[in-house]
Participant: 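First, the structure itself, so that you have it in front of you.
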Amino acid sequence: MIQKIGVIGAGQMGNGIAQVAAVAGYEVVMIDIKEDYIQKGMETINFSLGKLVMKERMTVADADSAIGRITTGTDRNLCADCDLVVEAVPEILSLKAEIFSELDGICKPETILASNTSSISISTIAGSTNRPDKVIGMHFMNPVPIMKLVEIINGDGTSDGTNQAVVEAAEKMGKTALSCNDAPGFVSNRILCPMINEAILTLQEGVAEPEAIDGIMKLGMNHPIGPLALSDLIGNDTVLHIMNVLHEGFGTEKYAPAPLLIQMVEEGKLGRKSGQGFYTY
């Protein structure tokens with residue numbers, strides 16, 4: 001029975017996961033390496049809950065009690081009594097492996113260890129623990145409080161019981177949990193990123209301008225945002241990283257990143273976060 005959830009990482013994804021877990025009634029401990037990061041994460045949660053109260057989608061009392069369920073710290077030992085720990089740190093395998101190995105030693109034997117990775121193999125991450133049956137992917141979508149999906153990824157060793165417990169926890173957080181098996185890019189990014197890459201190739205070849213490419217996909221395919229604007233939102237460096245994961249994982253040229261994407265990342269045109277990508281922000 002999952003009652004207490006640990007979140008490793010207080011950034012954009014981590015604080016969103018901590019927020020939806022606390023609102024759902026779970027006790028939450030949010031951990032990061034610096035007090036500054038934690039403070040920033042708590043400010044984001046306070047701001048987000050404040051907006052929900054303003055829109056009358058939540059009472060002040062409920063927002064206050066959700067905040068009251070979150071404790072924070074810089075020591076991963078605070079996860080010792082958690083039933084589920086969700087890791088939400090940058091997409092660096094060595095970092096994730098180190099964290100999972102450490103959590104494996106800290107947490108009680110029945111604790112489920114989940115990764116919010118968008119592209120790294122769950123089976124590989126599980127290999128750094130002695131509990132591969134209790135390691136799973138919980139890929140939340142950004143922004144976490146708004147997006148309905150959690151992509152649940154079963155590694156080679158993930159047990160049915162682990163999957164069931166995590167699906168139930170995600171549903172309690174108000175999410176729709178859809179499961180898949182471990183494979184490069186899982187389902188979401190295996191389909192999404194090659195589409196974005198194709199849009200970049202279309203631009204690179206001079207077929208159309210960014211506004212036309214995005215407009216055709218929005219108006220013709222009913223996408224809420226065009227692929228080039230979406231790449232800017234995700235971060236062109238992140239899209240390149242995922243294309244490289246797909247390219248290496250499948251070993252076919254179909255997944256080779258567009259030369260224009262590589263060039264833009266090298267020039268620091270990362271999208272919204274750098275102020276310049278396919279569009280200027």
Side-chain angles (χ1 to χ4, degrees), residues 9 11-14 16 87-99 115-125 137-144 147 149 151 153 180 182-218 221 223-281:
Q12 200 173 20
M13 298 304 288
E87 162 273 311
V89 304
E91 291 285 85
I92 303 160
L93 176 58
S94 57
L95 177 61
K96 291 185 191 285
E98 177 226 320
I99 289 170
S115 177
N116 178 54
T117 182
S118 58
S119 61
I120 294 172
S121 162
I122 297 301
S123 305
T124 304
I125 292 171
M138 277 187 97
H139 181 205
F140 287 82
M141 303 292 137
N142 190 17
V144 177
M147 298 292 276
L149 174 70
E151 187 178 29
I153 304 107
C180 64
D182 197 11
F186 317 134
V187 172
S188 54
N189 284 322
R190 178 178 180 166
I191 296 171
L192 176 68
C193 288
M195 182 195 78
I196 291 173
N197 197 53
E198 202 61 45
I200 298 168
L201 287 168
T202 306
L203 175 66
Q204 181 187 310
E205 290 163 17
V207 178
E209 290 300 309
E211 292 79 4
I213 293 168
D214 280 356
I216 287 165
M217 293 306 290
K218 277 162 65 180
M221 314 307 158
H223 290 193
I225 182 172
L228 300 174
L230 182 56
S231 190
D232 279 351
L233 177 63
I234 294 167
N236 294 318
D237 51 341
T238 304
V239 174
L240 176 59
H241 168 75
I242 295 167
M243 286 310 299
N244 285 328
V245 167
L246 293 171
H247 194 208
E248 286 161 29
F250 291 113
T252 67
E253 285 312 292
K254 168 181 165 183
Y255 297 104
L260 176 58
L261 175 61
I262 297 167
Q263 182 193 330
M264 286 179 69
V265 172
E266 283 170 356
E267 289 171 2
K269 294 176 181 169
L270 307 182
R272 289 195 189 195
K273 61 184 165 189
S274 71
Q276 180 68 49
F278 296 101
Y279 299 93
T280 304
Y281 299 91

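Computed from heavy atoms alone, side chains included, the values below leave out hydrogens, waters and symmetry copies. On a predicted model such as this, the values are computed, not experimentally measured, just so you know.
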Participant: Checking S119 against N189: is there a side-chain donor and acceptor pair closer than 3.5 Å?
Facilitator: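 No, no side-chain donor-acceptor pair sits under 3.5 Å.
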Participant: Looking only at non-hydrogen atoms, find the nearest pair between S231 and N236 and report the distance.
Facilitator: OG-OD1, 2.5 Å
Participant: How about S115 and M138: do any of their side-chain heavy atoms sit closer than 4.5 Å?
Facilitator: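 Answer no - side chains too far apart.
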Participant: Quick one, M195 and H223 - any side-chain contact, counting heavy atoms below 4.5 Å?
Facilitator: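 Sidechains of H223 and M195: in contact.
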Participant: With a 4.0 Å cut-off, would you call D232 and K273 a salt bridge?
Facilitator: no
Participant: With side chains defined as the heavy atoms from C-beta onward, is the minimum distance between K96 and T117 less than 4.5 Å?
Facilitator: yes
Participant: Kindly write out the residues that satisfy ring-ring contact (aromatic ring centres under 6.0 Å, His included) with F250, not counting sequence neighbours, or none if the list is empty.
Facilitator: Y255
Participant: C193 and L246: which non-hydrogen atoms are nearest, and at how many Å?
Facilitator: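 Closest approach of C193 to L246, heavy atoms only: CB-CD1, 4.5 Å.
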Participant: Can you name the nearest heavy-atom pair linking L149 to E151, along with the distance?
Facilitator: CG-N, 3.9 Å
Participant: Does F278 reach the side chain of K269, with side-chain heavy atoms less than 4.5 Å apart?
Facilitator: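 F278 vs K269: side chains apart.
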Participant: Around E267, counting heavy atoms of other residues, nucleotides and ligands shown, do more than 12 lie under 6.0 Å from its CD?
Facilitator: yes
Participant: Side chains of V239 and L261, heavy atoms from C-beta outward: is any pair under 4.5 Å?
Facilitator: yes
Participant: Quick check: do M147 and F140 have side-chain heavy atoms less than 4.5 Å from each other?
Facilitator: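 M147 does not reach F140 side chain to side chain.
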